[in-house]
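Here is the structure we will look at.
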Amino acid sequence: MESFWSQFKTDELAFKQTLSEIELVNIIKKDINWHNTARRQLTLNGMTLEEYQNHTVQGSV
């Protein structure tokens, strides 16, 4: 979670004009989706969080 918020503040909020509440909620939703489904992480052997969770669940069955 800390990694997400750090990245979010740096990439999405830095140097941008004040956003409306709706714009901010939409950007947060988009970034959470990206963070979970598209962002590959070296600490997860190059998998996305979603891939890693699916891999872990399949391995425990």
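- The hydrophobic cluster containing I27 also contains I32, counting ILVMFWY residues as joined when their side-chain heavy atoms lie under 4.5 angstrom apart, directly or transitively.
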| Check against side chain to side chain contact (heavy atoms under 4.5 Å, CB included), E50 and N54 | CA-CA 6 Å; E50 183 178 57; N54 290 338; 4.0 Å; yes

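- Linking ILVMFWY residues whenever their side-chain heavy atoms come closer than 4.5 Å, directly or via other members, leaves I28 and W34 in distinct clusters.
- The closest side-chain heavy-atom distance from D31 to H35 is not below 4.5 Å.
- Residues N36 and L49 come closest through the heavy atom pair OD1-CD2, 3.2 Å.
- Within 6.0 Å of CZ on F8 lie more than 12 heavy atoms contributed by other residues, nucleotides or ligands.
- Between H55 atom NE2 and L44 atom CG the span is 10.5 Å, to the nearest 0.5 Å.
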